[in-house]
Amino acid sequence: MLSPLILVINCGSSSLKFALFPLEGRTPVLVGLAECLGQAEASIRIDHAGTRDKRAIANAGHQQALDCLLGRLGEMGLLEPISAVGHRVVHGGERFTGSAPITPEVLADIEACAQLAPLHNRANLIGIFAAMKALPDTPQVAVFDTAFHQTMPPEAYLYALPRLYHSRLGVRRYGFHGTSHRFVAAEAVKLLGLDPDHHGLIIAHLGNGASATAVLNGRSVDTTMGMTPLEGLVMGTRSGDVDFGVLAHIARHEGLDIDGLEALLNKTSGLLGLSGLSGDCRALQEAASQGHAGATEALGVFVHRLVRHIGALAMSLPRLDALIFTGGIGENSALIRGRTLDHLGLLGFELDSAANDTMPRGESGVISRGAGPKAAVLPTNEEWMIAHDTAAIAGLLSNSAQNERLAS
Ligand code: ADP
């Protein structure tokens with residue numbers, strides 16, 4: 001009999017990311033991406049056993065992309081072993097405090113949460129329906145970006161707005177990147193030898209989207225993103241925190257409506273808007289090294305905002321054992337990590353420049369020295385975390401195997 005595999009699906013508005021994981025180990029046997037869905041240039045690429053297979057699937061939507069994927073998996077003999085499908089779902093509102101098996105009730109609740117994240121959840125639902133149609137007898141599981149943060153206390157999640165908006169419209173802070181923060185928090189305890197019941201961490205997930213979270217004894221107690229993934233840190237194209245008065249001023253003077261403001265804050269702000277060049281950190285580092293003033297200033301604002309939020313998150317914790325960097329920028333940019341730690345001396349951090357500058361790509365390790373809290377780099381693995389939850393909820397892991405896998 002073939003060993004069971006877990007299919008992980010992350011469905012965006014015009015893309016479908018996927019991976020196949022075995023029950024043992026954390027290395028996917030296959031990964032891939034279908035992109036530009038709904039357009040003439042739609043394509044799907046599959047990386048498996050050291051080879052890349054890329055094909056045009058002109059005008060394919062999510063259903064056709066998934067059918068194409070499953071057809072290819074069938075040809076490779078990898079379809080039959082799929083024992084469960086895990087889906088990334090962005091917004092779980094207050095309804096979901098953990099991952100959930102997909103039932104008609106859960107689908108209705110994900111639909112209801114789509115009011116809070118229309119673009120994201122609707123895309124996630126398309127992926128779920130396509131997978132249910134293609135694999136009708138296979139258990140499906142939803143894993144929510146917001147679930148990990150449901151342990152935040154009211155003082156951290158309430159906005160200082162009239163209460164009725166919370167009860168009537170679900171207006172509160174939810175936080176995102178929860179699957180990544182949860183994975184990294186558990187890994188940090190192992191890497192640093194912390195007591196699972198007595199520790200305080202700040203995790204900085206810095207990618208195109210960026211958020212930082214305060215974790216006390218494995219539970220999120222505060223985070224920088226809010227009701228939507230727009231609040232908090234400076235991101236690739238998102239502004240992070242902005243005074244609402246600024247938005248009213250811009251709207252009045254430029255004649256922007258709500259949709260125009262939303263597009264401005266999500267798509268043309270952040271590193272891109274500040275630099276006038278790019279939302280990509282690596283490109284900005286290169287430009288800054290050649291004297292580009294906009295790139296230099298953009299990176300400066302990015303670090304300043306990050307440091308300010310780390311300082312604020314530290315005050316949500318009774319103790320601070322470590323700051324962990326993850327995500328594309330956190331894992332790869334020694335410059336951003338070094339400049340961030342240089343500003344955090346007040347919290348007792350001391351940068352180990354040699355360790356920071358030589359941290360190999362994809363590796364975990366400590367980049368601080370001295371008696372203060374530690375700073376470390378830890379690659380995130382959201383896809384594996386989704387596969388793990390999916391296997392556990394689908395009953396594919398015994399209790400002891402679940403514990404062993406998490407401890408591995
Ligand atoms: P997403 O949020 O889309 O998953 P990633 O976690 O892949 O994004 O992070 C993408 C970001 O990581 C980009 O800003 C990219 O420039 C940055 N990045 C990747 N490698 C490096 C590097 N070597 N140095 C600096 N930044 C990097």
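Both ligands and their constituent atoms are indexed starting at 1 by order of listing. Residue numbers run from 1 in the order of the sequence given.
The backbone N or O of Asp280 lies less than 3.5 Å from no partner atom in the side chain of Gln285, so there is not a single donor-acceptor pair. When atom types are taken as modelled, the side chain of Thr179 and the backbone of Asp145 share no donor-acceptor pair closer than 3.5 angstrom.
Sorted by first and then second residue, the ring pair (Phe, Tyr, Trp, His ring centres under 6.0 Å) pairs with a member in residues 50-95 read His91-Tyr174, His91-Phe176; sequence neighbours excluded. Residue pairs meeting the salt bridge (charged side-chain N to carboxylate O under 4.0 Å, His left out) criterion with at least one partner in residues 216-237, sequence neighbours excluded, are Arg173-Asp222, Arg173-Glu231.
Summarising the contacts of atom 23 (N) of ligand 1 with Asn332, Thr380, Leu335, Thr326, the nearest heavy atom is found in Asn332. By heavy-atom distance, the residue among Leu284, Ile336, Leu271, Asn208 lying nearest atom 3 (O) of ligand 1 is Asn208. For atom 5 (P) of ligand 1, the nearest non-hydrogen atom from the set Ala283, Gly328, Pro379 belongs to Gly328.
Distance remark: protein heavy atom present below 4.0 angstrom from atom 8 (O) of ligand 1.
For ligand 1, the polar-atom distance check finds no N/O of Gln285 at less than 3.5 Å from any of the ligand's N/O atoms. Checking only distances, Asp280 does come within under 3.5 Å of ligand 1, N or O to N or O. Polar contact with ligand 1: present for Cys281 (N/O pair, distance under 3.5 Å). By the 3.5 Å distance cut-off applied to N or O atoms, Gly207 is not counted among the residues near ligand 1.
Looking only at protein heavy atoms, the nearest one to atom 26 (N) of ligand 1 is Arg282 N, 3.6 Å. Of all protein heavy atoms, the one lying nearest to atom 17 (C) of ligand 1 is Ile329 CG1, 3.6 Å.
Near Ser333, the atoms of ligand 1 lying under 4.0 angstrom from a non-hydrogen atom of the residue are 25 (C). Contact atoms of ligand 1 toward Gly209: 2 (O) (distance under 4.0 Å to a heavy atom of the residue).
Aromatic rings from His343 and His304 are positioned such that their centres are separated by 6.0 Å or more.
Checked by atom type, the side-chain pair His177/Thr213 shows no donor-acceptor distance below 3.5 Å.
The existence of a salt bridge linking Arg182 and Asp389 is confirmed by a sub-4.0 Å separation between a basic side-chain nitrogen and an acidic carboxylate oxygen. Ionic pairing of Arg72 and Asp53 is present here: one or more N-O contacts between side-chain nitrogen and carboxylate oxygen are shorter than 4.0 angstrom.
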